Amino acid sequence: MQNLASVYDPRATEKKIYKFWEENDCFKADAHSEAESFSIVIPPPNVTGILHMGHAIDNTLQDILIRYNRMLGKATLWLPGTDHAGIATQNIVEKNLRNENKTRYDLGHDKFLEIVWEWANARRSDILDQFKQLGVSFDWSRQRFTLDEGCSKSVKEVFVRLYEKGLIYKGAYIVNWCPRCTSAISDIETDYEEEEGHLWEISYPLENEMGAIIIATTRPETMYGDVAVAVHPDDPRYKHLLGKKVVLPLINKSIPIIADDAVERDFGTGALKITPAHDPNDYEIGKRHNLSPVWVIDNEGKMVTDDRVHSDVRGLDRYASREQTIGLLKLHGLLIRAKKHNHNVGHCQRCNTVVEPYLSEQWFVKMKPLVEKPIEAIEKGELIFVPDRWTKIYLDWMHNIRDWCISRQIWWGHQIPAYHCVECGEMIVAIDKPQCCSKCRSLNIQQETDVLDTWFSSALWPFSTMGWPDLDAPDFNKFYPTSVLVTAFDIIFFWVARMVVMGYEFTDQSPFKYVYIHGLIRDKDGKKMSKSFGNVMDPREIIETYGSDALRFTLTSLNTYGGQDIKLSDEKFEYGRNFANKLWNASRFVLMNLEGVDNEPINFNDLTIADRWILSQYNQMLQKVHKSIETFHIGEYAQIMYEFTWNIYCDWYIEIAKTQLSNDKRKINTQRVLKYVLDGILKTLHPVMPHITEEIWQLIPQDKSSVTLMLNKFPMPDESQIDKSVDVQMELVANLISSIRNIRQSLNIQHNQKLDVIIESYDPLEKTAFQASEKYIEILARANSVNISNDLTAETPPQCASAVVGTSKIIVPLGGLIDIDKEIQRQKTKLEKLEKEMKSLENRLNNQKFMSNAPDEIKHQTHIRVKEIKTQIETINDLISSLVG
RNA sequence: GGGCGCUUAGCUCAGUUGGUAGAGCGCUUCGCUUACACCGAAGAUGCCGGGAGUUCGAGUCUCUCAGCGCCCACCA
């Protein structure tokens, strides 16, 4: 037996163990296996990112499910990959270029993409490499990228099929436009924040007559694009003005006064300026009244440079233009007043720039018809959210679904597979570039320059990575649909819902049965971790300090079924680190005491009460573990392992085993039990703490059916070994030992002072338990002798401390050692508690309604407890009076 | 405006078929008992946010109020 360090050093083992798994090809999935399949695709991290705590918990939970199911013998696939992260990636590369004073236009389309590819490729392997430190059992051979060949093929296929079904269309609509990214973004990529602003009231003079109409707006700079002033049709203030015209100030353009129901009479002045090109509501109103939109702001958020706008604002940024316009209005006495006004302003999720509602030609997915099956999926039980409360969020979104703007005016991404004929303008949507125009036969054909929203390819991830559209692809056949999707709630709309939509449309089933939603990782004050706050925690640093297993174990324990957000601080990882160390040392003890042990199984005919108890506890632990993992109570699984390993196996069984190991007759079988249970702990704990369990398991001398723990069978509970009466008995023994220790502590009895223990027991179950445990009591409670009697006449010695366990009386004669007053006080405190409990129990039993309504089992339990307390109270009273006497 | 979550020991939080409250850390007191001081032993600590209701019985179910946090929608 080699000497093991007394403190576990994860740094020394984790890398070594991971390499060992890789060298033995342990992660590889077998698409041709006969076994039942279990598969997960990871939420592909953005190539722009680095590993953060969210990834750490997300992938730990997945790894637990994967490793558990792999050990159950299933054909298991965990597919890794990365996301090209369209706008995010392009933004970073453009920023780098800007440092060299260049723009993407300086480089041109192809050269720019070349640079992005280069950058993304470097980042791609880097980010996944970071995951290795977590110990993830990814099948690296199946690593994918949302922009790789296979994904591109799926994207084109999906696009064309949707287009042909009429579910993708192109048209001019108001979209959310980010002037910094110079691209459209989708509704859900727009985050609203309340901001302080003003409601400006501006006078629009009537044409050819005296008077004016006063409109209210938060965005005066858009007034140049006004095409009308709208009022409510029934508003008496304005009824007489309907059909008349006003002169748009500053540019002296004549526009009509129209009536529309959408106008709120109570808001502002009740008169609304209509700017169809730059406001979604105005666009709708404009459409109803056949008013042509006038663009006055360009794609970069600057005012146009021609006479559509006042000469003083041409080419100005929208905000500068606002200032300027206000100034001009003031100058002309047309600004009536400015009221402070808070309103919600949309921001680009990627760069936080205020988005511009912008009328432009975009591609959309018609969502309504696509969500029918995804909605039904819930009712049919084909899609299950865990925890359940996310179902409603998902359904609400599906029921209120709006069309999805999928085109982005950037270069990095899947170029839309649509082609237009330069000659005749014909649009052709096809997987491959057509030779010539299908209409005019012209050869002058150009592909759309827009690319797709990055989430479009993500939506196909579960099947695009498995070989679809080839329905015979082995992976697709074996591993699709996947078993479960594990993610945080922040991407339910972006990703989860859209995967379900695409899954049903193209494979006629949900891409996963379960969606397991966990909480978000926050800092110790509950704030979201973000680079700008400077409160991000780097998992790699935690791993360096505490170890990967400690990180995994801690995060898992903190994870609750309800998916509460997790507040983290560095110190919390001590929990996992300490536990790893405890496991290490318990194993060290066992390994040091295995000398002479054979590989024979436990002799079940020769077990002590403690042996039977640990086996009973062990198998109950297994039952709980299976149940908790299978029902996604994964935090509970970690806690069960902690409790069993530390508080049951270490605190009690190992301590008891020490007494058995020194008994030649008991030694061998005790070694077998120690080893058997340790082996079981290692296997059971492996999914959450893979490295340390593998490391220790390799050190255990035994016949090994596999070279690695991770490919072993996960232990199954053996109910025949569960013995509830042994559980009760050992609990009494443990209580007895604790009681004696309590006496020692509270009466200040020296540690090296051995005590005599007299047990007066009339209950056969209790008596057998104590008789079988004499040796344990001697060692663990430091007793000279243990006398068990049921001699009713046995007299309590004059000076003694005492306790009651179950219904048995424990007496510890102390001679001159005892402080009688202290002991009396100790007993009285106990008595008070018991009497309090007794009272409440008696109340219950005296309650007629309780007796007639409560189930028999509860009544029975109450009676038993009452009986027990009664005995205990009597005994304590006896003891007190003997002390006083 | 609509919806969701949280409020339990000093701190961070568990507690899904309603049976009389738990963990980790911290705290107090012992202890180098050769697996472990990243440890062992013994302890203390809670009108489970307020109120009402259902029930023999509520941290757990219903209603209501309050505080904190989040999501969705949106008024120019």
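Worth saying up front: this structure is predicted, and the values here are computed from it rather than measured. The sequence lines fix the lettering, A, B, ..., with proteins before strands; numbering per chain opens at 1.
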>> Taking the minimum atom-to-atom distance to the side chain of A/Arg389, which one of B/G19, B/G40, B/G5 wins?
In response: B/G5
> Base, sugar-phosphate, or nothing: which does A/Gln848 touch, judged by heavy atoms less than 4.0 Å apart?
Replying inline: nothing
> OP1 or OP2 of B/C56 less than 4.0 angstrom from a side-chain nitrogen or oxygen of A/Asn853, does that happen here?
Replying inline: yes
>> Tell me whether A/Glu823 is salt-bridged to A/Arg826, with the criterion being a basic N under 4.0 Å from an acidic carboxylate O.
In response: yes
>> Partner lookup for B/C4, please. Criteria are Watson-Crick or G-U wobble with both distances under 3.5 angstrom; report none if nothing qualifies.
In response: B/G69
> When you match A/Trp390 and A/Thr631 each to their closest nucleotide on RNA chain B, which lands nearer the 5' end?
Replying inline: A/Trp390
>> Can you list everything that forms a salt bridge (Lys or Arg N to Asp or Glu O under 4.0 Å) with A/Arg11? Sequence neighbours excluded, please.
In response: A/Asp9, A/Glu544
> Which of these nucleotides, B/A41, B/C36, B/C38, is closest to any side-chain atom of A/Val7?
Replying inline: B/C38
Could you list, one pair per line, each protein nitrogen or oxygen that sits under 3.5 Å from a nitrogen or oxygen of nucleotides 27-33 of chain B, together with the distance?
from: B/U29; atom 1: O2; to: A/Gln745; atom 2: NE2; distance (Å): 2.5

> Which part of the nucleic acid does A/Lys582 contact within heavy-atom distance under 4.0 Å: base, sugar-phosphate only, or nothing?
Replying inline: base
> Salt bridge between A/Asp396 and A/Lys392, side-chain N to carboxylate O under 4.0 Å?
Replying inline: yes
> Looking at B/G3, B/C13, B/C56, which one has an atom nearest to any side-chain atom of A/Lys392?
Replying inline: B/G3
> With both distances under 3.5 angstrom, what nucleotide forms a Watson-Crick or G-U wobble pair with B/U34?
Replying inline: none
> Can A/Asp226 and A/Lys273 be counted as an ion pair, charged N to O under 4.0 angstrom?
Replying inline: yes
> Considering Watson-Crick and G-U wobble pairs with both distances under 3.5 Å, what does B/C61 pair with?
Replying inline: B/G53
> A/Glu655: what forms a salt bridge (Lys or Arg N to Asp or Glu O under 4.0 Å) with it, not counting sequence neighbours?
Replying inline: A/Lys658
> Between A/Lys658 and B/A35, does any side-chain N or O lie under 4.0 Å from OP1 or OP2?
Replying inline: yes
>> Pairing check on B/C48: which nucleotide meets the Watson-Crick or G-U wobble criteria with it, both distances under 3.5 Å?
In response: none
> Counting any heavy atom closer than 4.0 Å, what does A/Ser738 reach on the DNA or RNA strands: base, sugar-phosphate only, or nothing?
Replying inline: sugar-phosphate
> Counting just side-chain N and O atoms, does A/Lys849 come under 4.0 Å of either OP1 or OP2 of B/U55?
Replying inline: no
> When you compare B/G40 with B/G3, how far apart are their P atoms, in angstrom units rounded to a whole number?
Replying inline: 50 Å
> The side chain of A/Asn847 lies closest to which of these nucleotides: B/C36, B/C56, B/A14?
Replying inline: B/C56
> Parallel, tilted or perpendicular for A/Trp390 and A/Phe489, by the 30°/60° rule?
Replying inline: parallel
> Which nucleotide, in any strand shown, forms a Watson-Crick or G-U wobble pair with B/G43, with both distances under 3.5 Å?
Replying inline: B/C27
> Residues two or more places apart in sequence or in another chain: which of them pass salt bridge (Lys or Arg N to Asp or Glu O under 4.0 Å) with A/Asp261?
Replying inline: none
>> Donor-acceptor check, side chain of A/His343 to backbone of A/Gly197, threshold 3.5 angstrom: yes or no?
In response: no
> Under 4.0 angstrom, heavy atoms only, what part of the nucleic acid is A/Lys524 near: base, sugar-phosphate, or nothing?
Replying inline: nothing
> OP1 or OP2 of B/A44 less than 4.0 angstrom from a side-chain nitrogen or oxygen of A/Lys833, does that happen here?
Replying inline: yes
> Heavy atoms under 4.0 Å, any strand shown: does A/Tyr561 hit a base, just sugar-phosphate, or nothing?
Replying inline: base
> Mapping A/Val590 and A/Tyr575 to their closest nucleotides on RNA chain B, which lands nearer the 5' end?
Replying inline: A/Tyr575
>> Heavy atoms from C-beta onward define the side chain here; which of B/G19, B/G40, B/C13 lies closest to that of A/Thr560?
In response: B/C13
> Between A/Tyr561 and A/Thr631, do the side chains contain an N or O donor and an N or O acceptor separated by less than 3.5 Å?
Replying inline: no
>> Nearest to the side chain of A/Arg577, heavy atoms from C-beta on, is which of B/A35, B/C38, B/G40?
In response: B/C38
>> If the threshold is 4.0 Å, N to carboxylate O, is there a salt bridge linking A/Glu571 and A/Lys524?
In response: no
> Choosing from B/G43, B/G19, B/U20, which nucleotide comes nearest the side chain of A/Asn742?
Replying inline: B/G43
> How would nucleotides 70-76 of chain B be written as a contact map, 5' to 3', with B for base contact, S for sugar-phosphate-only contact and - for no contact, using protein heavy atoms under 4.0 Å?
Replying inline: --SBBSB
> Who are the side chain to side chain donor-acceptor pair (under 3.5 Å) partners of A/Asp403, not counting sequence neighbours?
Replying inline: A/Tyr169
